[in-house]
Amino acid sequence: LHAKVSPREGEPVVREFAIQLPGDVTAADVISLCQDRGVNPGFDLGRVRPEWEGGLLVALTEQRTRAHIDKLASVLAEATAAREEGILVG
């Protein structure tokens, strides 16, 4: 995981896991940027529970290649960096 993104839970995972975005990075910003780059980043957990705001549920199945996973990681890093630099406005 990108240094700024952290797992929401410490439990082992098989196909899906939750990540917490840093500080003021919103899931909506990340989802929007990822979609612009052709990547599905996951589900905004804040839509289910307000206390999970900034969380994304990411699913990785056998249909995803290493290249897909690397692209997701790259776009997540880009989104968190863009927010920190004030490029993303949510």
Side-chain angles (χ1 to χ4, degrees):
L1 290 177
H2 184 266
K4 305 270 182 183
V5 176
S6 60
R8 284 192 56 89
E9 304 295 331
E11 302 298 318
V13 297
V14 176
R15 294 183 188 216
E16 61 183 35
F17 57 95
I19 60 172
Q20 183 64 42
L21 300 167
D24 63 349
V25 177
T26 69
D29 285 341
V30 170
I31 290 169
S32 177
L33 182 63
C34 286
Q35 288 173 342
D36 288 348
R37 303 289 189 273
V39 176
N40 180 354
F43 178 76
D44 178 357
L45 291 172
R47 292 178 55 194
V48 178
R49 299 182 97 166
E51 65 268 24
W52 292 348
E53 186 174 330
L56 282 175
L57 182 63
V58 179
L60 300 175
T61 68
E62 64 280 353
Q63 296 177 347
R64 299 292 172 234
T65 66
R66 178 62 187 224
H68 288 121
I69 297 166
D70 289 345
K71 185 173 182 180
L72 172 60
S74 175
V75 176
L76 283 173
E78 179 184 355
T80 57
R83 172 53 105 174
E84 289 175 352
E85 295 169 12
I87 297 168
L88 291 176
V89 180

Quick check for you: to the nearest 0.5 Å, what is the distance between [X] atom [atom1] and [Y] atom [atom2]?
X	Y	atom1	atom2	answer
Ile31	Asp36	CD1	CG	12.0 Å
Gln20	Glu53	CD	CD	9.0 Å
Asp29	Cys34	CG	SG	10.5 Å

_Which residues share a side-chain hydrogen bond (donor to acceptor under 3.5 Å, both in side chains) with Gln63, sequence neighbours left out_ =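 Partners of Gln63 under the side-chain hydrogen bond (donor to acceptor under 3.5 Å, both in side chains) test: none.
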_4.5 Å side-chain heavy-atom contact, Leu76 and Leu56_ =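 Leu76 reaches Leu56 side chain to side chain.
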_Joint cluster assignment, Val30 & Ile69, ILVMFWY side-chain distance < 4.5 Å_ =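 Same cluster: Val30 reaches Ile69 through Ile, Leu, Val, Met, Phe, Trp or Tyr contacts under 4.5 Å.
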*Give a yes or no on whether Val25 and Phe17 share a hydrophobic cluster (residues Ile, Leu, Val, Met, Phe, Trp, Tyr; joining criterion: side-chain heavy atoms under 4.5 Å apart).*
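The answer is yes; both residues are in one hydrophobic cluster.
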Side chains of residues 37-45: which donor-acceptor partners sit under 3.5 Å, not counting sequence neighbours?
residue	atom	partner	partner atom	Å
Arg37	NE	Glu78	OE1	3.4
Arg37	NE	Glu78	OE2	3.4
Arg37	NH2	Glu78	OE2	2.5
Asn40	OD1	Gly42	N	3.1
Asp44	OD1	Gly46	N	2.9

